[in-house]
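Mind looking over this structure? Questions follow.
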Amino acid sequence: MKRYDLIIVGAGPSGLSAAIEAAKRGMKTIIFDENEKPGGQLFKQIHKFFGSKEHKAKIRGFVIGEQLLKEADEAGVEVKLNATVIGLYQDKEVVVKIGEEICHYKGDSIIIATGAAENMVTFPGWTLPGVIGAGAAQTMMNLHGVKPGQKILMLGSGNVGLVVSFQLLQCGCDVVALVDAAPRVGGYGVHAAKVARTGVPFYLSHTIVKAEGEDKVTGVTIAEVDSSFKFIPGTEKHFDVDTICLAVGLSPMSQLLKMAGCEMEDNPKRGGQVPICDENGRTSIPGIFVAGDVSGIEEASSAMIEGRMAGITAAEYLGYMDKEELDKGMEELDHALNGLRQGMFAPKNRGKKITETEEGIPVSENLLTKGYVADDEIERFPGVTHAKGIHPVIECTQNIPCNPCQDACPKKCISIGENITSLPTVPHAEDCINCGMCVASCSGQAIFLVDEDCGDGTATVTLPYEFLPLPEPGTKGVGLGRSGQPVCQAEVVSVKSLKAFDKTNLLTMRVPKEYAMKARFFKAE
Amino acid sequence: MDTRIAVHPILGETTKGREISFTFDGKEMTGYEGEPIAAALKAAGVMIHRYTKKEHKPRGIFCAIGRCTDCVMVVDGVPNVRTCITPLKEGMDVRTQYGVSAEPFDKQ
Amino acid sequence: MNKVNDRSRDIGPFVPGPDDDMLICRCEEITKGEIRKAVHDGMWTMTEIRRYLRTGMGLCQGQTCGKLVKGIVARELGVSPAELEPATSRVPMRPIEMYIFANEAKEADVHE
Amino acid sequence: MSNNAEIIIIGGGIIGCATAYYLAKNGVKDVIVLEGSDFMGNGGSSRNGGGVRQSGRDVRELPLVMYGIKNLWPHLSEELEVDCEYHQDGNLRLGKTEAHKATLTKLADNARGVGLDVRMIDGDEVRQINPYLSHEVTCASWCPTDGHANPLTTTLGFYKMARQLGVRFITGEPVVSLGMVRGKIRKVVTPNNIYEGEKVLVAAGLDSRPILTSVGIDIPMTNSLLEALVTEAEPHMFDQMLGTAEADFYGHQTKHGSFVFGGSSGLERYNKDNGTPVTNSKTAPCICRGIMKYFPDLAKAKIVRTWAGWMDASSDGVPSLGKVDEVPGLYVACAFNGHGFGIAPAAGEQLAKLMITGTTDISLDELRYDRYKAKI
């Protein structure tokens, strides 16, 4: 039987990362993935990632995927696509469907990196054509270039719901509402804010009453729910939609591990049925390891680190690395992983209501319930500064592990400091040279360059703009507030699209000066 | 209804295989070679892929990654083909699936 | 270690619910009411529910409804869903045509 | 709750559940059924191919299964209030060679001797009955009163009804040993509990052997890890139950439309398990190749699930069923040799009758637990 030092199932961020580490240590490594393209979910992630440099922050997901693939290729990893692992048998035998054959492989070690599957939620009409998973929407628009629908309602305000809503807007769909039964937005505030400012209304403490339509979705009714998630009569709202998108969480796809006989547990903190494993990814069966979402739902950035951990652990298991080197590697990776697991959204804070930032600033309640920071809340955050001339206004209001902005500014105007989750401050706002690097570097699209007073009663606001068509200078329109509501007249002054901005265009609009701190999006008339 | 994304602000121009023709319930349609059958149908505005066996209810794309199997159709005479992960080929005969057959229920 | 489970324990009577006709298993078209009723018929494990009703035995093999069914069964039994073991995972992980399953590659048998 | 009952049944498979049901139906409701695993009907009862057939069986067990097919199976769905999916559309036991023909002819002749309607037919007649069968098939035995049913709903149906009638079922209670008190069976010991009963039935499949050994009874049995698989639902093709002369392939199309097939790789005696019945990577492909030889049309049908189950095999291929004379109060029902499903309702009904009245309608003498003799 064909034998490998290491067989990895799943060529997503964790699988590829594991393969790179293992192959670098000389292990004969093969990855199987059932998809036509490698990279797992990375290739559907078109937004810039959070984190620090080590976590590939501010690089778009699909680009990270390409980088990992290149690294894996250089390290000598064999990546087999369209290769469906149909079974994991005793003695680490992997049976794979490749083309019209099934092939038997033996692995001296195995890493399962199969990722996660979407959760579902039921409501009358949930089986109608037009009700789709958020993953389905991403697959259709970002992989196959087809819009999932025209008028769409999104259920779920976690990062997936928020990110996919934004992606839907980017490909030209109309997102009529973002709905969540929870009373607070589940995902990053900055993701919510960039959706809200385009005019998408948020309905927290709401859920779907029913999907309407005979043969396909033609509408949806939502209603408010009380604290025990029961509908409140009289609060129904109807929307004409052709598509309802469900983003209600993920569950580890751990069936192969169960099949192999690994000890499993149902761990709600890790998203469901997961193998019992240590932090290196060792399961109860020696030589079978796990990495990524299959062992607990987290972000792709964490999955990559976990993959590296499992990769070196497998290398040590088979004697390609000594214990000391493993410990050293683990220590570094542990540090990186811990960096990501800090802040308000850290796994340890899941389900907790946080009322203050690490700096002791009350969090924006409006952000949590409506998706945007209210005008009367914004000034209390340290990145929101005022200075003469053009200067950055950083509307980053939650402690998340992300710091590219502080390195982006060539003039060192912006500071986050040692603690990666600290809110950015702008100690040297007056040094701003209007280069726009900070705006383009912010994965949360939360940085604006504002000239509060141009001297003629107007102000200019430069904002990140990732939509088509790009408005021409001189285009007249309205400035939308953080809520997405029109607040003033606006005219496009310039649109900058530099290579260094990596597809985040910088749109500068002129608004009446009293709206300098209010207008945050431009809509052509 | 323009369902295909011609140019994407981040991904740029969508690259596709060559344009080919196939049939859906006998009707001539076009799509791009190699894209999932479901994508071609979606672009053509087809939402209903099948009607269920027990309740005869319509179903369409749900997961789009080959897991849920809701999008199955009869393709070249073979029932239960997951159209979201099966590449489109020239001349394919794609049919709405009724239960496990391409014959509407009243003819089964 | 198996857990002693006395199937005569009183879980209360079956009370029809307003959403009993909600479809849960999309492949096999099994409703919430059928699942709840099965629990009262003595099907207290995911394995028994699956064997009794066919939930999760369709083309998708329970990948869509598994968690939903578990939640319904747990609620009916008055336990946490985490206490219920999911039904066994079986080969093949994805449906596979018989002629392909039958076609074992020679190439992979070559010793290297 | 008390751990005492009039009757304790060890094994929550179809035999244990059916016996419990017929006991309760006949007024004996003070019964406890102990199941070792976490699931009811978790052994062969849920893993077999669903055959409800008489043809192909040893004449010693034929009267019992014929009795069941005549008297119990036809109204079992109504009785258990589940759809047992019972189909009585005949069984084709297929042959491809002269040797197969000889085997089948002998089986058929013997069966006719005890009154079963079964006859040999040629390949053409086989294909008149089932036009999908390939030309490799040259002969078959044909028994029109055979059929198939759904083992899952039938087994769980017996459990459900018995439970409804007041039988107590406890899962996760693997029996470690039995104990006698004053010359009679009395105690049933599990890792955490001791149960006591006037009468005890051991119907625990392969596990019956170590349990019985604790009171000095040894039934020679061995195990074999058999495998089966099921396809997606397909348009309706045929209703017969199928088997082969070599017993290396069997199956049917279910009401759901899927095909359930079992088969053999030749390695089942030697395949290992990990404490649970696990499938072997070589078996399913072999079963698929086997199926396609019989049914070329099924080549594109998709397999959605494979599974394995232990068979409790005895040296002469028929079960041990009835009273254990040397241990008063003890009864056995085991070693059904992979075809216990079809016979289960009759076995359960007659065991219940035996335990209540001391007699049976069908003689179980040929199935005594102590019949095993050396060959010379």
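Naming: A, B, ... by sequence-line order, numbering from 1 per chain.
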- [ ] To the nearest 0.5 angstrom, please state how far the CG atom of Asp215(A) sits from the OH atom of Tyr51(B).
- [x]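 Answer rounded to 0.5 Å: 4.5 Å.
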Task: Best-contacting candidate, Leu246(A), Asn35(A), Asn142(A), Leu128(A), against chain B by heavy atom pairs under 4.5 angstrom - done: Asn142(A)
Task: Portion of Arg67(B) that has a non-hydrogen atom of chain A nearer than 4.5 angstrom - done: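 For Arg67(B), side-chain heavy atoms alone lie under 4.5 Å from chain A.
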Open item on the list: As an exercise: rank Lys216(A), Glu34(A), Gln138(A), Arg60(A) by heavy-atom pairs under 4.5 Å with chain B and give me the winner.
Closed with: Arg60(A)
Open item on the list: Heavy-atom pairs under 4.5 Å with chain A: which of Ile48(B), Thr52(B), Val7(B) has the most?
Closed with: Ile48(B)
Task: Distance in Å, Ile132(A) CD1 paired with Asp70(B) CG, rounded so as to fall on 0.5 Å steps - done: 12.5 Å
Open item on the list: Just checking Lys107(B): does its NZ atom have more than 12 heavy atoms from other residues, nucleotides or ligands closer to it than 6.0 angstrom?
Closed with: no
- [ ] Determine the minimum heavy-atom distance between Gly60(B) and Pro129(A), stating which atoms define it.
- [x]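 Residues Gly60(B) and Pro129(A), closest heavy atoms: N-CG, 3.6 Å.
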TODO: Mind checking the CD-SG spacing from Glu118(A) to Cys68(B)? Nearest 0.5 Å is all I need.
DONE: 10.0 Å
- [ ] Sort Asn505(A) into side chain, backbone, both or neither according to what part of it lies under 4.5 angstrom from a heavy atom of chain B.
- [x]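 Asn505(A) has no heavy atom closer than 4.5 Å to chain B.
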Task: Residue-level interface, residues 71-83 of chain B with chain A, non-hydrogen cut-off under 4.5 Å - done: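 Those residues of residues 71-83 of chain B which would need a heavy atom under 4.5 Å from chain A do not exist here.
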- [ ] Any chance you could measure Ile85(B), atom CD1, to Asn82(A), atom CG, to the nearest 0.5 Å?
- [x] 9.0 Å
TODO: Locate the shortest heavy-atom distance separating Pro58(B) from Glu214(A); write the atom from each residue and the value.
DONE: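 Closest approach of Pro58(B) to Glu214(A): CG-O, 3.9 Å.
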Open item on the list: Quick check on Met141(A) against chain B: is it the side chain, the backbone, both or neither that has a heavy atom closer than 4.5 Å?
Closed with: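 Its backbone and side chain both get close to chain B.
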TODO: Taking all non-hydrogen atoms of both residues into account, name the closest pair between Lys42(B) and Lys147(A) and its distance.
DONE: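 In this case the closest contact between Lys42(B) and Lys147(A) is CE-O, 3.4 Å.
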Task: chain B contact via Pro469(A) - side chain, backbone, both or neither, heavy atoms under 4.5 Å - done: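 Pro469(A) has no heavy atom closer than 4.5 Å to chain B.
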Task: Neighbourhood of chain A inside residues 8-30 of chain B, taking heavy atoms under 4.5 Å as contact - done: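 The residues closer than 4.5 Å to chain A, in numerical order, are His8(B), Pro9(B), Ile10(B), Leu11(B), Thr14(B), Lys16(B).
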TODO: To the nearest 0.5 Å, tell me how far Tyr32(B) OH sits from His144(A) NE2.
DONE: 15.0 Å
TODO: Please tell me if the side chains of Lys44(A) and Ile65(B) come closer than 4.5 Å, counting only heavy atoms from C-beta onward.
DONE: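 Yes; the side chains approach each other to less than 4.5 Å.
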Task: Heavy-atom proximity to chain B below 4.5 Å, by part of Thr139(A) - done: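 Contact with chain B is through the side chain of Thr139(A) alone.
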Open item on the list: Need one label for Tyr465(A): side chain, backbone, both or neither, based on atoms under 4.5 Å from any heavy atom in chain B.
Closed with: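 Neither; nothing under 4.5 Å.
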TODO: Mark yes when over 12 heavy atoms from residues, nucleotides or ligands other than Lys496(A) sit less than 6.0 Å from its NZ; otherwise mark no.
DONE: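 More than 12 within 6.0 Å, yes.
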